[in-house]
Amino acid sequence: MKRLYIAAAFLLLSVGLCIFEQYTVTTSYENATQIIDTAIEEVRNGNYEKAQESCHTLQEYWSQRQRYMAPIIEHGALDDASSTISALEYLAESKSDSLSDELITAKNQVKAIYENQKITFGNVF
């Protein structure tokens, strides 16, 4: 009977970790995309100071979420997105012409992480 309880505990732990992972990835994707969209709009309007603030906010948010995502996500994709996000604030500060392109790249990298972590038949098997 003890084995059954241990097996049930491991099953509940596994389900809990899966739910936590899906929640973390989904909220990270939604919030990061919202911040990136705001920064893209500010760059289009030529307001680089507010774009820099948005990039700083994104970098702080991403570094907080990265702690939780690192153990559960493939590191290559996570590191690529983190590198791009880290460079955004400097690009906004220097009013670089490539800021808009890098914001779109960061958005695509965050979306790729989200798509690869979604529970789908292809991702499970």
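All values below were derived from every heavy atom in this structure, side-chain atoms included, with hydrogens, water molecules and symmetry-related copies excluded. Residue numbers start at 1 and run along the sequence shown.
- Within a 6.0 Å sphere centred on OH of Y23, other residues, nucleotides and ligands contribute 12 heavy atoms or fewer.
- Following chains of ILVMFWY side-chain contacts shorter than 4.5 Å, one can reach V110 starting from I40, so the two form part of one hydrophobic cluster.
- The hydrophobic clustering, which links ILVMFWY residues whose side-chain heavy atoms are closer than 4.5 Å, places L17 and I72 apart.
- Defined by atom type and a distance below 3.5 Å, a donor-acceptor pair is present between the side-chain atoms of S98 and S96.
- At a threshold of 4.5 Å between non-hydrogen side-chain atoms, the residues Q59 and I35 do not count as touching.
- Closest approach of A81 to I113, counting heavy atoms only: CB-CD1, 3.9 Å.
- A distance of 13.0 Å separates CG in D80 from NE2 in H75, rounded to the nearest 0.5 Å.
- Note on Y114 and L103: same hydrophobic cluster, where clusters join Ile, Leu, Val, Met, Phe, Trp and Tyr whose side-chain heavy atoms are under 4.5 Å apart, directly or indirectly.
- Q22 and Q117 form no side-chain donor-acceptor contact under 3.5 Å, judged by distance and modelled atom types alone.
- The two residues A51 and A39 come nearest to each other via the heavy atoms CB-O, 4.2 Å.
- A distance of 10.5 Å separates CD of Q52 from OG1 of T57, quoted to the nearest 0.5 Å.
- Across every non-hydrogen atom of A32 and Y61, the tightest pair is N-CE2, 4.1 Å.
- Proximity of a side-chain donor or acceptor of T27 to a complementary backbone N or O of T24 within less than 3.5 Å is detected.
- No continuous path of hydrophobic side-chain contacts links L78 to F20 [ILVMFWY only; heavy atoms under 4.5 Å].
- Environment of CG in N45: crowded, with over 12 heavy atoms of neighbouring residues, nucleotides or ligands closer than 6.0 Å.
- Across every non-hydrogen atom of S28 and M69, the tightest pair is OG-SD, 3.9 Å.
- Remark: L91 CG to D97 CG distance equals 10.5 Å, nearest 0.5 Å.
- Distance check, rounded to the nearest 0.5 Å: CG of L58 to CD1 of I36 gives 5.0 Å.
- Contacts of E49 classified as salt bridge (Lys or Arg N to Asp or Glu O under 4.0 Å), with partners at least two apart in sequence or in another chain: K95.
- A92 and C55 get closest at one heavy-atom pair: CB-SG, 4.3 Å.
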Would you check, one step at a time, whether the test side-chain contact (heavy atoms from CB on, under 4.5 Å) holds for T33 with K107? CA-CA 6 Å; T33 301; K107 186 175 179 179; 3.7 Å; yes

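- Interatomic distance, N108 CG to E115 CD, rounded to the nearest 0.5 Å: 11.0 Å.
- Closest approach of V43 and S100 over heavy atoms only: CG1-CB, 4.2 Å.
- In this model, a donor atom of one side chain and an acceptor atom of the other lie less than 3.5 Å apart for E60 and H56.
- Taken to the nearest 0.5 Å, the CD atom of E21 stands 8.5 Å off from the OG1 atom of T26.
- The side chain to side chain donor-acceptor pair (under 3.5 Å) check on T84 picks up Q109, with sequence neighbours excluded.
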Going through the checks in order, is the side-chain contact (heavy atoms from CB on, under 4.5 Å) test met by I85 and E102? CA-CA 8 Å; I85 289 171; E102 288 299 314; over 6 Å; no

